[in-house]
Structure formats: C-alpha cells, structure tokens
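Data first, discussion second: the structure below is written as structure tokens.
First listed ligand is number 1; within each ligand, the first listed atom is number 1.
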Amino acid sequence: MKKTVILLFLIVGLFGCAPKKPAVIQTAPTAVTFDKFPVLEYHLIGRPEGRWQRTPENFKKDVEWLYANNYYPMNLRDILDGFGGVPAGKKPVIITFDDSTGGQFRYLPDGELDPDSAAGVLKRFHDQHPDWPLRATFFVLIETNDPEHNLFGQPDLAARKLRQLAEWGMEIGAHTYSHDRLDKISAAAARRSIGRELATLTKFVSRETVSLSLPEGKYPKDLSVLGGFKLVVEVAGGMNLVKFDPLHIKRIQAIDDEWRKYFGRHL
Ligand SMILES: [Zn+2]
C-alpha cells in the first residue's frame, strides 16, 4: 500500500549561542514512498579499483543498478525541500564526491569531457536516459599540497568546471579550503578555512553553499564553526532514516562490501 512519507529532520542549536531545544521541522509532504534514503560517497574515480577508488566501469554499473532499482538522483540540498520532485514510484539517492580530483571531472586536451571521469559517466548516462537527471553533490577543495585535488586538478579549467556543474544542476559543497581537520585546528582557523573556501566558490557559483563534508568526518569542538551550513555529511554510518539530524547525515561508501551490506547488491 502506498503511503506518503513526511520527511522530518531535527534542527539542533548550532548558531553560535547556547544549544537550543531541538525543534522538529516538518517539510511539505511529498508523494515519495521510502522509509530511508542513501547518501553514496565516492572519492577517486580511476583504475584500478581500490578502497578509495572506484573504476569508471564500476561507477557506471552503480548508476545503472540504481536506475534499474527505481532510485532517482538528487542533490544533498534537495533534502531542504523534502526531496520535492521525486517521481511517484521512485526513491531518492544522493551521489556525493569528496576531494575534487581530476577523475571526478576532467576535460581532455581537445576540450571534450572525459567520458571516463565521473562527470562524463553521469552526462552520458543522462543523455541516454533523460529521466535520470544530472544531480550529484561535489565536495570540493580549493588549495592543497596535491594539485590533483585542487578544484578537479586542472587549474585553468576550474572555473569552467564549477560553472558547468552548476549549469547542469549539480551541487557544489564545501570540504574546507585545504582539507583541514576541524578537530585539530582552532575555531578561528576553522572559520578562516571555511570562509576562504566559500569566498572562492561565490566567484563561480551563484547559489549559496549549504552543504559541508567534514574532512575525515571530524567535527570541530566548537560547533558554532559550522553555523553557516544547513547540511553536514559524515564519512560512514549507513542509511538515513526519514527522521534524521541534518548536521549528522550518514553516508555509504560506494565499494562492493557496502553495496552488499546496505543494498543487498551482489557484485
Ligand atoms: Zn576528503
């Protein structure tokens, strides 16, 4: 029997003052029928397959499997409007990428989108299946010691990529300026890292950055540092229930073991 699920989440006091009593915010009822939702986590896209690397071929199979199993891709920020727009009979899935490496989004020397990069796989799949929209959330880094991680590894093309992702309808999220462990630096340094990243992103992306992926999943001691974000993802944890904390969103690492464990998918 179909029933309408009302997506609930708790807003915890995070805005610089003493913790407030959690309030339950009720989003608009949707026609979506699900009791939990997955947020998938990818790092490197490339060869060979590894603990932190998914091959383009396996990533494509993941998308095909999700499509065949009635999942519908959304951005993380779509949580804020209760996953509005998910067609009847479909379930939301959020695909996320951390660390903005070239394998996630690369242009070839001739200027074409690399079909083996994650963006290339998603674009081609969308072209073949227009009912699978271009949605995913990319948690990017601006400047690190490893140039491959700085806004997808091609400095001259960074602005073009950010604008292209936004134009396609994808979401850009924050991952701090330099992959800074927020538990290891002062609150002032953490605010600086986040502030510098957001200032850089606003040059290229007009939409407000509402989502953060914590480097290594580590929370700052002073949670008011996160006050500018509405959604914060962790590095693990499994499925999210419809009643969840938006500042502690669980993720599933898209590796064979976790596909088996959380989706019963045998690879
Ligand atoms: Zn990271």
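The Zn ion (ligand 1) has no N, O or S atom of D98 under 2.8 Å away, backbone or side chain. Not one N/O/S atom of H43, from backbone or side chain, sits under 2.8 Å from the Zn ion (ligand 1).
The two residues G85 and Y72 come nearest to each other via the heavy atoms O-CE2, 3.9 Å.
Our summary of the site lists the angle at the Zn ion (ligand 1) between NE2 of H175 and NE2 of H179 as 100°, to the nearest 10 degrees.
We find that R106 and D114 are joined by a salt bridge, their nearest charged nitrogen and carboxylate oxygen being less than 4.0 Å apart. Classification of K243 and D35 as a salt-bridged pair fails, no side-chain N sitting under 4.0 Å from a carboxylate O.
D99 contributes atom OD1 as its closest N/O/S atom to the Zn ion (ligand 1).
Partner of M170 under the side-chain contact (heavy atoms from CB on, under 4.5 Å) criterion, chosen from L134, L162, T137: L134.
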